[in-house]
Amino acid sequence: MKHNSLVKYCFLIFTFLIGFNHISSAQTIHIKGKVINVETLEAIPFATVSPVGQDVSRYVTQANENGQFVLTIPAQFTKISASIVGYETQEITLTSEASQDINIYLLPEENQIEEIVIRAPKRTKYSNRNNPAVELIRQVIAHRDENRLKNHEYVEYEQYEKVSLGLSNLSEKFLQRKALKNYQFLFEQEDAENQNQTTYSLPAYIEERLSKVYQKRSPNKTKQLVLAEQRAQFDPKFVDNDGLSSYFNRLYEKVDIYDNNISLVTNQFLSPIANSSPTFYRFYITDTIKTETPYLVELSFFPRNKADMLFQGKLYVTLDGKYAVKSADLGVAKDINLNFVRDLHVRLSFNQDENQKYFLENSNLLLDFSLTEKGSGIKGNRTVLYSDFKTDVAQPDSVYAGSAVEIAYNKDNEEATNDFLSANRPLPLAKNELTIYSNIEDLQLMPGFKRVMDIASLVFTGYKQAGPVEIGPVNTFYSFNPVEGFRLRVGGRTTEQFSKKFYAETYVAYGFRDEKWKYFLSGTYSLNNKSVYTFPMHYIRASFQRDTKIPGQNLDFVQEDNFLLSFKRGENERYLYNDIYRLEYKKEFENNFSYSLGFSKWKQSPAGILTYQVINPIGESTLFNELNTTELSLGLRYAPHEEFYQGKLYRTPIYNKYPIFYFNYTAGVKGFLEGEYNYHNFTLGADKRFYLSQFGYADINLEGKYLAGDNIPFPLLTIHRANQTYAYQLASYNLMNFLEFVSDRSVSTNVQYYMNGFLLNKIPVLKKLKWREVFSFKAIWGDLRPENNPNINSSLFQFQRNENDEFITYALGNKPYMEASAGLTNIFKFLRVDVVKRLNYLDQPNVPEWGVRARFKFDF
């Protein structure tokens, strides 16, 4: 859900920003070429060739009996396509040249329709065996390490990066909306594929960075010294600019053709020169180019399955015995199982250095996002230029010291930095790109735009701006539960307009069944002159909270009364009333290590049908009204190379391949501020995403807990996190009942495996739905020492019983609790539905063996 909000928020932001220059429609492109069967290299007669767009009938032509065609079209068109019965339609991206020679290679369809009179050329069965194209790609793979820069002990170069994005394919009707009346100066005409309709674009974001990069092979280290950078800045009240930059750079990642897997739009694509590429791709030799030295072979490739995360395109390979890639043109099939991406295109060009080694000179990535095939969308480019390569020049270890990315300019002198970038920019900005910086500044001064962003903030973050304060989150204003009944809540917090160093947050709630008021108040003081929501955080916070809670459900207080969590299955009337005083100190470091120190005083009283009851050996029962603890805590966390988008409620992680480690220690102090127990609680855990190339990815969590202490009542033990709602919760056990299992030592694992449609893409009918498979497995191995088990130690609070006097709270026995699920994601592009199976402990009262759970999950 966190990632989902960010995706939707980005789409909304781009609805209100800036544009491209108009290119004269008087220019034309003259194209001649041939349509060819990619498998047999024979001409395909009478294929239809036309520009790509709407209402293009006046420009359609047909190849002759030799497959040859001639086509003249306006320069606004950027693609042409060729099609004929029995073959897959192929689109070709045009260059800006006025005269172009193009051969279009068509791949026979998987299921050809037999005709009575006219038949497509007979399809030959594709095979890797004795295939010269496959032999060539195997040579490229064999020489891969020799041709990549990582083969050198030392490499250094200059690097210029530019990311620009904007709303595209906007109609005149859209511009005529009343809300956009004062923003017409931002829109400009764009390159139009439909000659009967004028369309507009609205470039909304640009970011540039000029760096010096040093790489060392042994040990493997990279140092990037940022010499200058500049980016469009939005009002930080609405947008986390650093997080937005990280998110865009995650979508538009660096493309290295020599890597086995290429990460784009948060997915992994198999490189056409990966070790396993002959298994997933079809390769064809389609041309030999003798106008360059050394000679080049044009190698076309197509995915064996059009729905898989694979490229299609062309490689140009040198015939000098090095089998290096001189250039590459990568795209994707229309049927690929990729959401919201209307077009994806990568162009790479390589050049030789003085040692005749090939290095990447230019990388260009185009992405066109859209919710619909023909509607408005977001189009963006990432361009990276590399220059001044030097190899095997040793640098002292001091060059690689510190963080991998280091700012080498004065952040406080923005004008000098921008002047340096302007003087050293290797690629001049287009006229429309130059205006983005100033247009965004002007736009944010306009009252209408501020109102729009205020509404957007309310819809997507849950907070309403009100000058120096903001009110929310709105999803907690109303909820209900068996103890409080109908519950109303209102809250808010201060903003930087109130103070940049001090932040206050509060809410008040009232339950109409228990007729009790609940409230929260906190004050946070920033110790580094930054917002407490800005990385790296450094603050001290004091708070008091009086509210209800389900035992063992350690949700953040802003989510405990979320309206969607009000709907639950089974009996859920065992609650706590809590009074919690907290004092917390937190410090984050640039290397993504952080620690926190805490002190809390906690009084918890049973609510609903929850009881704190002690039964002595002679059967006498005593009820207790409260439990008091005083705790000291230490938290450590290390997340190397972590990136995220900082929202108003939480951070949205931008996942990568690096693990996250955490350690928490809590000590109960008896006799201090009414604390009644001594104990030491340790938690050690790790999270990691494993990318499995074409087989998807897996998110794995491992966690161990140990509670040292004797005579500890069950509310202070580890109450394993259960879920009785109908939503699938990633971190909870979805078929476990509240308060069902407790332990004082445990080890758990949680595996979420997303196959990204690898299986369903192979089923002819289902693959059109673009559903994806997901599997999960969760288990806890735990134990409870006799001194903390009320079934053995009668001085402790008794485990809970139901109305039939049956135990409903248990210690884990000699077997783990386990549950597994299989499900479908990407239903309507946003829904995940799982069938969950509880694998054991089925003889306990009122436990479900099966369940269907759903959650929202937006993914590319």
Side-chain angles (χ1 to χ4, degrees), residues 1-2 4-5 454-495 498 503-524 533 541-582 602-610 625-626 647-650 721-727 729 732 738-739 855-856:
M1 290 293 290
K2 300 177 183 178
N4 308 342
S5 299
D454 190 21
I455 295 172
S457 177
L458 175 63
V459 172
F460 294 109
T461 70
Y463 280 91
K464 172 68 175 69
Q465 299 290 325
V469 300
E470 50 189 11
I471 301 169
V474 295
N475 63 351
T476 63
F477 284 178
Y478 164 68
S479 61
F480 57 89
N481 62 67
V483 173
E484 296 176 274
F486 174 50
R487 170 183 166 121
L488 292 179
R489 166 178 150 168
V490 63
R493 64 185 182 183
T494 63
T495 68
F498 179 82
Y503 294 83
E505 187 167 4
T506 187
Y507 72 76
V508 61
Y510 183 75
F512 284 81
R513 174 173 293 177
D514 65 358
E515 298 182 342
K516 291 181 180 292
W517 289 94
K518 294 88 181 176
Y519 46 88
F520 170 82
L521 178 65
S522 77
T524 307
Y533 307 106
R541 172 179 291 159
S543 66
F544 172 72
Q545 183 181 25
R546 170 170 289 175
D547 210 338
T548 59
K549 176 186 173 184
I550 298 175
Q553 304 307 292
N554 294 318
L555 302 175
D556 297 333
F557 67 86
V558 293
Q559 295 179 329
E560 286 180 355
D561 50 4
N562 187 317
F563 172 73
L564 294 178
L565 298 183
S566 299
F567 301 91
K568 297 181 176 69
R569 61 171 176 84
E571 186 259 284
N572 59 102
E573 299 183 44
R574 300 171 197 274
Y575 274 70
L576 293 173
Y577 287 123
N578 298 277
D579 284 357
I580 306 175
Y581 298 85
R582 285 196 182 105
W602 180 11
K603 182 179 79 172
Q604 49 179 302
S605 304
I609 61 173
L610 182 71
N625 295 322
E626 61 184 53
K648 292 179 179 291
L649 298 180
Y650 37 58
R721 186 168 173 175
N723 173 32
Q724 289 186 207
T725 72
Y726 297 98
Q729 293 184 6
S732 301
F738 294 139
L739 267 172
R855 68 180 282 110
F856 293 109

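Computation of the quantities below employed the complete heavy-atom set of this structure, encompassing side-chain atoms and omitting hydrogens, waters and symmetry-equivalent molecules.
- For K516, the salt bridge (charged side-chain N to carboxylate O under 4.0 Å, His left out) criterion is met by no residue, not counting sequence neighbours.
- Side chain of T476 to main chain of P473: a donor-acceptor pair is present (N/O by atom type, distance under 3.5 Å, no hydrogens or angles).
- The side-chain tip of R487 does not point at the ring of Y575 from less than 6.0 angstrom away and within 45° of straight on.
- In this structure, the side chains of Y519 and T506 stay at 4.5 Å or more apart for every pair of heavy atoms.
- Remark: A727 pairs with T725 by the side chain to side chain contact (heavy atoms under 4.5 Å, CB included) rule, at least two apart or across chains.
- In summary, the side chains of S543 and R582 do not present any donor paired with an acceptor at a separation below 3.5 Å, with no hydrogens or angles considered.
- N578 contributes atom CG, which lies 6.0 Å from atom CH2 of W602 (distance to the nearest 0.5 angstrom).
- Proximity of K568 to N481: side-chain heavy atoms (C-beta onward) are nowhere separated by under 4.5 Å.
- Under the rule for a salt bridge (charged side-chain N to carboxylate O under 4.0 Å, His left out), R541 has no partner lying at least two apart in sequence or in another chain.
- In terms of heavy atoms, L576 sits closest to Q604 at CD1-OE1, 3.3 Å.
- For E573 against V483, the heavy-atom pair with the smallest separation is O-CG2, 4.0 Å.
- The CZ atom of R855 sits 8.0 Å away from atom CD of Q729, with the distance rounded to the nearest 0.5 Å.
- In this pair, Y478 and F480 present their aromatic rings tilted. The plane angle is within the 30 to 60° band.
- Counting heavy atoms from C-beta on, the side chains of E470 and Q465 come closer than 4.5 Å.
- Judged by distance alone, with hydrogens and angles left aside, the side-chain atoms of R513 form a donor-acceptor pair with the main-chain N or O of P482 at under 3.5 Å.
- Rounded to the nearest 0.5 angstrom, R721 CZ and F738 CZ are separated by 10.0 Å.
- Considering all non-hydrogen atoms of both residues, S605 and E626 come closest at OG-CB, 3.7 Å.
- Residue F512 qualifies as enclosed at atom CZ: its count of foreign heavy atoms under 6.0 Å is above 12.
- If you take OH on Y507 and CD on Q545, they are separated by 4.0 Å, rounding to the nearest 0.5 Å.
- Figure legend: cation-pi geometry between R489 and F520 absent, as NZ or CZ is not positioned both under 6.0 Å from the six-membered ring centre and within 45° of its axis.
- In this pair, Y503 and Y533 present their aromatic rings perpendicular. The plane angle is above 60°, beyond the 30 to 60° band.
- Rounded to the nearest 0.5 angstrom, I550 CD1 and L610 CG are separated by 11.0 Å.
- Side chain of N572 to main chain of G570: a donor-acceptor pair is present (N/O by atom type, distance under 3.5 Å, no hydrogens or angles).
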Discussion item. Evaluate T548 against Y577 for side chain to side chain contact (heavy atoms under 4.5 Å, CB included), listing each step before the verdict.
Written reply: CA-CA 5 Å; T548 59; Y577 287 123; 3.5 Å; yes
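- Note that the NZ atom of K518 and the OH atom of Y510 stand 8.0 Å from one another [nearest 0.5 Å].
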